[in-house]
Amino acid sequence: MTVDMSVSVGGLRLRGPVLAASGTFGYGTEVPLLERRALGGMVSKGIFLRPRAGTPPPRIVETPSGMLNAIGLQGPGADALIREYAPLWASWDFPVLVNINGESVGEYGELTSRLDGVPGVAGFEINISCPNVEQGGMYFGNDPHAAAAVTEAVRKRTRLPVWVKLTPMVSDIGVIARAVEAAGADALCAVNTFVGMSIDLNAHQPRLSFRTGGLSGPAIRPLAVHLAHQAARSVRIPVLGVGGIMRAEDALEFLVAGCTAVQVGTATFVNPRAIADIHDGIKAHLETHGFSSVADLPRYLPRD
Amino acid sequence: MFLLNAPIVATREVAPGMAVVSMEAPEIAASVRAGQFVNLGIAGPFLRRPFSVYRVDGESIEVVLKAVGVGTAELLGMRPGDLVSCLGPLGRGFDLEAGPRSAVLVSGGLGVAPMPLAAREARALGMRVTWVHGARSARELCSEAEGEEVIFATDDGSRGFAGTAVAAAPDGELVLACGPNRMLAAVAERWPEARVAVETYMGCGTGVCLGCAVPLKAGGYDRACKEGPVYRAAAVDWASLPSHLPYAVTA
Ligand SMILES: Cc1cc2nc3c(=O)[nH]c(=O)nc-3n(C[C@H](O)[C@H](O)[C@H](O)COP(=O)(O)OP(=O)(O)OC[C@H]3O[C@@H](n4cnc5c(N)ncnc54)[C@H](O)[C@@H]3O)c2cc1C
Ligand SMILES: Cc1cc2nc3c(=O)[nH]c(=O)nc-3n(C[C@H](O)[C@H](O)[C@H](O)COP(=O)(O)O)c2cc1C
Ligand code: FES
């Protein structure tokens with residue numbers, strides 16, 4: 001039996017349900033062990049309109065079953081992205097969405113206008129959930145009005161797919177999910193990293209120069225599955241599950257919990273072949289259980 | 001870049017608590033250059049752990065380490081035949097080219113790691129190699145060294161020069177150094193053109209996470225795992241590079 005691994009999510013038809021998460025795959029140009037056949041799509045490293053230096057080291061620290069990062073959205077800015085990376089993406093056989101960031105609603109809008117229509121840019125993932133910037137970032141993801149305003153600003157400036165990446169640092173993710181759905185999002189990505197802190201007991205101070213960082217990896221998986229499930233229950237648009245996926249079983253948990261596709265981040269650092277392994281494992285599970293497509297997998301999604 | 005399940009071949013002690021572990025990794029052995037590293041996946045710690053390639057012996061590569069935490073302890077406890085996930089070769093090494101007639105290799109503590117390969121490459125390019133190796137005391141000096149001339153330096157004066165390896169070193173046309181970041185800062189003062197191998201935390205080791213930021217004198221950061229780990233000493237903003245990692249491996 002052949003299993004149909006393709007999925008339709010937020011305005012895109014993808015050949016597989018596994019995408020590379022923003023910030024863990026660079027711009028897709030430095031992944032020599034990548035098996036493209038297994039990659040449904042890629043979200044590029046978060047970008048601002050203008051170049052950003054990022055935070056001073058140390059930027060990462062290992063934690064039980066995960067890691068904290070405070071990269072500070074280091075990046076070359078929109079012009080360099082358009083010049084150096086988009087032309088490469090245009091020739092690739094999987095879509096690349098750009099993870100966009102701004103310090104104000106206006107800046108998100110301007111960045112969208114700049115990137116819209118550039119060959120190679122297949123869509124936008126709005127980052128309203130970065131914990132590692134002083135201005136913008138998570139602030140927009142915490143407040144339903146701000147989240148909706150950013151989504152609307154981007155929506156007005158493009159007909160490409162618009163996905164919104166949600167922060168887990170909220171008391172009710174459903175409120176934010178509904179607000180951005182109403183503002184015109186085509187899909188939601190749940191979730192970004194959790195804010196965490198780790199202390200160096202020799203220096204008696206935080207290990208990260210930014211003091212706090214975003215927690216990722218298996219440490220957050222059950223929290224992320226729950227939040228993705230809550231988001232999926234709250235909206236009609238598809239949800240991509242993100243957070244701590246290391247193996248196919250983890251991805252399947254998100255799918256059964258109501259997600260249409262998944263993104264894999266930190267796992268790639270540990271196993272550069274993680275995406276292919278996860279893709280193949282999902283396929284094997286579907287075969288074993290006699291499902292003919294990813295869409296056929298039962299979803300546990302009671303509506304309120 | 002290769003990803004291999006490398007069987008451990010042997011482990012030998014080169015100082016109390018300091019050992020060389022060799023593993024069979026033919027593709028990496030055939031292509032690695034001095035100063036490059038491998039990122040090892042070990043049962044226990046969550047992330048991989050970066051190690052310089054110490055020597056190449058046929059189809060095997062060697063790394064040298066001390067137990068400073070879970071990953072290094074795990075690696076030192078492995079038996080011949082046990083498998084390590086080995087990703088590499090990674091980063092830009094010393095990139096030696098013919099030209100200079102003499103090379104001075106300066107290492108502190110576990111900074112010996114990239115030096116045997118560097119000594120071989122330098123000699124193959126016709127350079128006369130002087131290796132200056134420093135440690136806290138005679139006991140902690142690595143028992144293996146290569147080169148036409150070997151100079152030891154100890155902080156407590158128990159062997160060789162009493163003082164740092166940097167102070168003990170003669171001048172050379174080409175200077176290569178590896179050791180704690182604060183030692184490398186001293187190298188930068190004396191030889192701005194020296195090529196030094198720095199150490200940072202690493203997430204991926206392959207250039208995608210931006211976790212291994214090295215602050216540059218010219219402003220901004222680049223990646224120790226990609227543009228580095230070897231830098232021109234004067235290019236690094238030593239004041240902003242953390243000199244005391246929580247694991248004091250090379251101190
Ligand atoms: C390019 C390069 C080459 C190196 N070559 C050598 C070598 O040849 N020989 C050698 O002995 N060492 C080398 N090191 C250092 C070596 O990688 C560390 O000693 C090793 O990672 C320690 O791991 P551990 O599990 O034993 O210690 P841990 O128990 O992990 O270390 C103690 C502390 O350090 C933190 N930590 C360790 N690794 C990381 C990480 N990647 N990110 C964030 N936090 C971390 C832990 O959280 C913990 O608090 C090199 C490092 C680099 C960057
Ligand atoms: C080093 C690093 C950098 C990241 N950068 C971004 C980013 O630029 N934009 C973004 O939306 N998410 C970013 N993330 C979050 C991931 O995309 C993902 O949401 C999160 O890590 C949880 O998934 P994981 O556990 O599979 O890594 C980053 C994560 C890591 C570890
Ligand atoms: S360790 Fe990830 S970019 Fe260098």
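Note that this is a predicted model, so its numbers are computed, not measured. Naming convention: chains lettered A, B, ... in sequence-line order (proteins, then strands); numbering from 1 in each chain.
Proximity to chain B among residues 245-254 of chain A is limited to Met246(A), judged by heavy-atom separations below 4.5 angstrom.
Salt bridge Asp95(B)/Arg195(B): absent, no basic N to carboxylate O contact under 4.0 Å.
The candidate from Val208(B), Leu87(B), Thr206(B) with the greatest count of non-hydrogen atom pairs under 4.5 Å with chain A is Val208(B).
A cation-pi arrangement is found for Arg52(A) relative to Phe48(A), the charged atom lying closer than 6.0 Å to the ring centre and inside a 45° cone about the ring normal.
In this structure, Arg207(A) CZ and Ser198(A) OG are separated by 4.0 Å, a value rounded to the nearest 0.5 Å.
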Distance-only check: which donor-acceptor pairs under 3.5 Å involve side-chain atoms of residues 33-49 of chain B, not counting sequence neighbours?
unit_1: Arg33(B); atom_1: NH2; unit_2: Leu96(B); atom_2: O; d: 3.4
unit_1: Arg33(B); atom_1: NH2; unit_2: Glu121(B); atom_2: OE1; d: 3.0
unit_1: Gln36(B); atom_1: OE1; unit_2: Arg33(B); atom_2: N; d: 2.8
unit_1: Gln36(B); atom_1: NE2; unit_2: Gly91(B); atom_2: O; d: 2.8
unit_1: Asn39(B); atom_1: OD1; unit_2: Arg49(B); atom_2: N; d: 3.4
unit_1: Asn39(B); atom_1: ND2; unit_2: Cys204(B); atom_2: O; d: 3.2
unit_1: Arg48(B); atom_1: NE; unit_2: Val270(A); atom_2: O; d: 2.7
unit_1: Arg48(B); atom_1: NH1; unit_2: Asn39(B); atom_2: O; d: 3.0
unit_1: Arg48(B); atom_1: NH1; unit_2: Ser85(B); atom_2: O; d: 3.2
unit_1: Arg48(B); atom_1: NH1; unit_2: Ser85(B); atom_2: OG; d: 3.3
unit_1: Arg48(B); atom_1: NH2; unit_2: Val270(A); atom_2: O; d: 3.1
unit_1: Arg48(B); atom_1: NH2; unit_2: Ser85(B); atom_2: OG; d: 2.7
unit_1: Arg49(B); atom_1: NH1; unit_2: Glu62(A); atom_2: OE2; d: 2.8
unit_1: Arg49(B); atom_1: NH1; unit_2: Leu47(B); atom_2: O; d: 3.4
unit_1: Arg49(B); atom_1: NH2; unit_2: Glu62(A); atom_2: OE1; d: 2.9
unit_1: Arg49(B); atom_1: NH2; unit_2: Glu62(A); atom_2: OE2; d: 3.4

Quick one: side chains of residues 16-29 of chain A, donor-acceptor pairs under 3.5 Å with protein atoms, not counting sequence neighbours, listed by atom name and distance.
unit_1: Ser22(A); atom_1: OG; unit_2: Ser44(A); atom_2: O; d: 2.9
unit_1: Ser22(A); atom_1: OG; unit_2: Gly46(A); atom_2: N; d: 3.3
unit_1: Thr24(A); atom_1: OG1; unit_2: Ala21(A); atom_2: O; d: 2.7

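Under the rule for a ring pair (Phe, Tyr, Trp, His ring centres under 6.0 Å), Phe2(B) has no partner lying at least two apart in sequence or in another chain.
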